[in-house]
Each structure stands twice: as C-alpha cells, then as structure tokens.
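A note on names: the letters A, B, ... follow the listed sequences, proteins ahead of strands, and every chain is numbered from 1.
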Amino acid sequence: MQDQFEFTPKLQRLTYILMGIGLLALIFGIVNLFGAEGEEAHHLANARLWSNLLINTFFFFAIALIGTFFLAIQYAAEAAWATTLKRIMEAISSFVPVGGVLLIIIFLAGTFHLHHLYHWMDPDLYDPASPHYDEIIAGKQGYLNQPFFWARTLLYLGVWTFFTMRFRKRSLEADALDPSDTSLHFKNVRDAAIFLVFFGYSSSTASWDWIMSIDTHWFSTLFGWYVFSGMWISGMVMIAMFVIYLQSIGKLPEINKSHLQDIGKWIFAISFLWTYLFFSQFMLIWYSNIPEETTYFIARISEYPYIYWGMMIINFVLPMLFLMDRDNKRNKKIVVVFGIIIFMGHWVDTYMLVTPGTMKEHGYIGFFEIGLALGFLGLFLNFVLRSLASRPLLVKNHPYLEESLHHEIH
Amino acid sequence: MAEGLKIYGLYNDDDILKQGAQALVDKGIKISDVYSPFPVHGIENIIGMKWTRIAITAFMYGLTGLALALLGMWYFMIMDWPMNIGGKPSFDFYQNLPAFIPITFEFTVLCAAHGMAITYMVRNWTFPGVEAKNPHPRTTDDHFAIEITPSENKKFSSDEIFSLLKDSGTVETFEK
C-alpha cells in the first residue's frame with residue numbers, strides 16, 4: 001500500500017530507544033539536583049534541569065504548531081502545490097495538544113516555585129518593603145502577573161489546539177465527501193484566515209511571555225518574530241525530512257522534485273528571514289548602545305561566543321551557500337544533510353534564548369542536554385508517526401489535489 | 001532556395017505548437033528557437049534548450065557588490081576620514097562592521113539585480129533602441145513561430161523541412 005504508512009515495531013523501538021536516552025538524561029539531571037551541595041550549586045542544577053525541559057518542550061511544541069500554521073497558510077492563500085504534503089503537516093500538528101500539556105506542567109512548576117526560570121514570578125519583587133523589591137519589574141506588573149500570564153497561556157494553547165484539532169478532523173471528513181462538494185474546503189479557508197490573524201499576534205506575545213520574560217528586565221518588540229521565524233525553519237525542515245523519509249520507503253510517489261524544490265526554497269527563504277530579524281534586533285541594540293538593552297547580547301556574546309556565533313554561521317551561511325542552487329534543493333542527500341545541520345542549529349538557537357538568562361555563564365551542552373533533546377525527539381516522533389499511520393497519506397477529493405499532482409516548477 | 005535564410009513555421013495555438021515541435025524533434029530536426037507572445041511551459045525541454053547560466057552571473061555580480069561596498073566603506077569611514085560611529089570611536093573596521101552590513105546588503109542586491117538585467121539584455125541583444133528581430137509581427141500577438149536553421153539540419157533538404165513543418169499543424173510557413 002503506497003498511500004498508507006505503517007508505524008512498524010522497528011520504528012516504534014527506535015522512538016522508545018530515543019525516549020529511553022531522554023529518560024536516562026532526566027534521571028541524571030534529577031540525581032544531579034539532589035547531589036548538589038550548597039545553595040548555589042543546588043540552584044544551578046535546578047535551573048539546568050528546568051531550562052532544558054522548557055527548551056525542548058518549547059522547541060518541539062513550536063515545530064508542531066508550525067504544522068498547523070503552514071497548513072493554514074496553504075488554505076488562506078488557496079495554494080495548490082502543498083496539497084500532497086497535507087497529511088504530513090497534519091501529522092506534525094498532532095503534537096500540539098501534547099506539547100501544550102507539557103508546557104502547562106512546566107509553567108505550573110514555576111507558579112509553585114519548583115523552579116526559578118521566571119524571575120518575575122517571585123512575589124517579593126513587587127513588595128516595596130521587601131529587600132528584593134525591584135522597581136523595574138514592579139513597573140511591569142500590569143502585564144507580568146500570574147493571573148494574566150495564565151489567562152494568556154491558556155488562551156493561546158486553547159485556541160491553537162482548537163484549530164489544530166478542527167483542521168485534522170475536517171480533513172478526514174472531507175475524504176468521505178462527494179468530490180464536487182467544496183463546502184468544507186471553504187470553511188477551512190475561512191477558519192485558516194481567523195487562525196492566522198490570531199496566530200500573528202499570539203505567536204509574538206507567547207514568545208514574550210514564555211521566553212522573553214526569562215530576561216525580565218530586558219525587552220525587544222522584535223523578539224516574537226525572531227522566535228517565530230526560528231521555529232518556522234525547524235518546522236519546514238521537519239516537513240522536508242518526513243517527505244524524504246516517506247519517499248525512501250516507497251511511499252507518496254506523488255511528491256515530485258518540484259515539491260521538494262519548493263520546500264527547499266522555504267527553508268532557504270526563512271533562513272534569510274531569521275537572519276534578517278536576528279540582525280535587525282542586534283544592530284539597533286548595538287547602535288544605540290543603551291546598557292539596559294545591551295545586557296542581553298553581552299550575556300550571550302561574551303559568555304558563549306563559540307556557541308552563539310557558531311549557531312549564526314550554521315543557520316545563515318550554510319543555507320545561503322548550499323541551498324541557493326536549484327539542483328541542490330532537488331537533491332535529497334543535500335537537503336537531508338543540511339536540513340539536519342540547520343535543525344540542530346535552531347535547537348542551539350532555542351538553547352541560547354533560554355540558558356544565558358537562567359544559568360548566566362554556567363551553561364554548557366553536555367550529555368544531559370543532548371540526551372534530553374533526543375528523548376523529546378523520540379516522544380515527538382512517536383506521536384507524529386502514530387498519527388501519520390492513522391490515516392491515508394494522500395487526501396482524497398481535495399479541490400486542489402489534481403493541481404498539486406501536476407505541480408511543476410523550473 | 002537562398003543561402004543563409006532561416007525557415008519558419010507559424011502556429012496559432014500553443015498546444016499545437018508543442019505537439020508540432022515534438023513531432024519535428026522526433027523526426028530528427030533541430031529547432032533553433034521558438035518565438036511566442038507568452039511563456040509556453042515545457043517547450044524548452046522539447047526543443048532541448050540549454051539551462052540558463054544567469055544565476056551564476058547573478059552570484060558573481062553579488063560578490064562584486066559585496067566586495068566593493070566593504071572596500072568603499074572601509075576607505076570612506078575608516079581609512080580616509082575616520083568616523084565616530086554610534087558613539088563608539090574605535091576607528092576599527094571589524095568593530096564597526098554591524099553599521100556597514102545594511103549598505104553592504106543593499107549594494108550586493110543592487111549589483112546582482114542590475115548586472116543580471118544588463119547581462120540578459122546584452123546577451124539577447126534586446127535593449128532599448130535595438131531593432132526587433134522577430135520573424136513575424138504576429139508572434140507578439142497571438143501566433144507562435146518555430147525557427148529552423150537549414151545549416152544545422154544538413155540531413156534534410158529545405159523542401160523536406162517545409163513539408164514536415166506543414167504536416168506538424170502550421171498555419172503558414174516562410175523563409176526569411
């Protein structure tokens with residue numbers, strides 16, 4: 001069966017092995033936490049454990065969210081080419097509810113002071129009588145307070161999950177419809193437009209709430225787009241990897257070289273969007289040279305120069321040199337190699353968003369960090385592959401299916 | 001038949017043009033060019049056109065722009081008249097590099113785009129003031145022309161080419 005993916009026991013074992021490595025890393029982190037002597041070492045081990053949980057949860061949750069987002073773009077733009085990829089995007093988006101629950105657990109731990117990633121959750125900061133009173137953070141209380149934070153978080157997660165489930169459900173319903181019935185398709189177009197408007201605002205504010213508030217004193221209005229563009233590349237790479245994997249086991253022969261080239265173009269183009277946003281944020285802060293803004297980059301560039309600039313080179317120079325050429329984008333081996341490198345580059349980018357804020361100069365990428373990332377990858381793949389196997393790989397009766405099958409670009 | 005003239009077949013539909021071109025190529029005729037009022041997708045593969053190398057020129061023009069912009073700003077802002085950039089009077093090229101990036105980017109794009117456009121026009125000899133060289137005025141309106149150079153098709157006589165063209169669905173054939 002070419003249009004049905006099977007989640008074989010061998011693949012399941014692979015995801016369980018990855019999850020096993022993650023579990024080992026997690027145990028290692030917890031043992032580290034209880035073995036830490038002295039208040040400072042304990043605090044650091046705690047920050048390391050929860051930072052990495054947040055980094056990986058956010059990273060894979062964001063990839064899943066990009067599945068929904070990219071699907072919504074195709075609907076809203078009434079784009080035909082990606083119809084053959086639709087089931088892959090749906091499968092990736094099926095991780096949204098799982099990632100959402102994991103994020104809630106991490107934020108709950110913050111609310112109950114199990115970790116101190118979010119410095120602003122400390123009530124002493126807002127009390128003028130307390131020795132820890134922080135005038136700057138107290139000034140932000142109108143936005144950064146726990147009830148409002150939770151209301152926002154639950155709103156984002158709720159609305160995103162609602163649309164994700166809705167697109168997924170309707171996709172199966174549409175398979176059973178008469179081919180001439182486009183009513184469901186146009187309902188999807190309308191919903192996609194609503195989702196995109198909400199996503200446009202909420203992706204920015206969510207990254208302020210969940211990531212930027214770690215560096216509580218610092219602020220940047222561009223931050224949301226920067227985080228969003230980074231997660232978009234990771235999501236596109238994930239789609240490309242699924243396409244190439246499925247084709248390597250003989251599935252989805254409907255996807256041709258033109259589809260592959262278009263996915264490659266997206267990876268290439270968004271790498272530039274990401275670099276553009278990185279540099280726009282960096283240059284304005286560098287130019288104006290205001291201490292309260294430059295602290296963010298000093299914490300990254302002086303403490304983690306190799307990681308930070310290495311990640312910049314991987315995420316900007318490699319796609320520019322190797323994904324610009326048309327023949328390279330059509331070459332599966334090149335897309336796989338550079339896709340995986342860029343994917344790791346953006347994981348490091350996410351690491352750099354969180355760690356310098358929570359662990360100051362003490363962060364490093366060791367067994368725990370890599371093991372936990374592999375564990376989350378296993379968890380993500382387990383859910384996504386399971387959901388990929390639960391429905392046919394190609395949609396039926398989609399009004400643009402025929403056009404997508406004949407997709408040809410030069 | 002006069003020497004050095006080219007043979008043209010005129011079609012009135014792009015699908016007939018593609019079928020006709022395919023039939024001619026299958027018979028072993030080399031088609032030198034096709035004139036059309038709009039892009040006919042797939043025709044380039046049928047007549048075996050070479051892949052464009054304009055992307056390579058664009059990359060080279062871009063590199064030229066990049067180098068020129070960096071060299072220029074190093075000379076203007078650091079070497080010839082050291083500037084205090086953003087309140088950081090380091091007078092050092094590397095340390096002031098972030099300030100030079102936007103202009104470097106813009107100049108790279110400028111050089112790549114203009115270089116590419118000018119190369120295209122010179123290579124096709126189609127810049128303003130050049131006389132149009134389409135074989136028939138209606139190829140800019142609603143007709144499509146196939147161009148066959150007899151010297152590239154030594155195996156066929158001109159009469160054979162004409163008869164093959166007529167069989168392929170042309171509305172008119174002529175020599176020019």
Student: Would you please test Ile334(A) and Asp325(A) for side chain to side chain contact (heavy atoms under 4.5 Å, CB included) and show each step?
Tutor: CA-CA 11 Å; Ile334(A) 291 183; Asp325(A) 194 60; over 6 Å; no
Student: Which answer fits Ala55(B), side chain, backbone, both or neither, if we ask what part of it has an atom under 4.5 Å from a heavy atom of chain A?
Tutor: neither
Student: Take a 6.0 Å sphere around OH of Tyr276(A) and say whether it holds more than 12 heavy atoms from other residues, nucleotides or ligands.
Tutor: no
Student: Relative to the ring of His143(B), is the ring of His136(B) parallel (under 30°), tilted (30 to 60°) or perpendicular (over 60°)?
Tutor: parallel
Student: What part of Phe105(B) is in contact with chain A, defined as an atom under 4.5 angstrom from a non-hydrogen atom: side chain, backbone, both or neither?
Tutor: neither
Student: Pick whichever of Lys88(B), His41(B), Glu44(B) has the most heavy-atom pairs under 4.5 Å with chain A.
Tutor: Lys88(B)
Student: Step by step, work out the ring-ring contact (aromatic ring centres under 6.0 Å, His included) result for Phe100(B) and Trp74(B).
Tutor: CA-CA 9 Å; Phe100(B) 301 150; Trp74(B) 166 77; over 10 Å; no
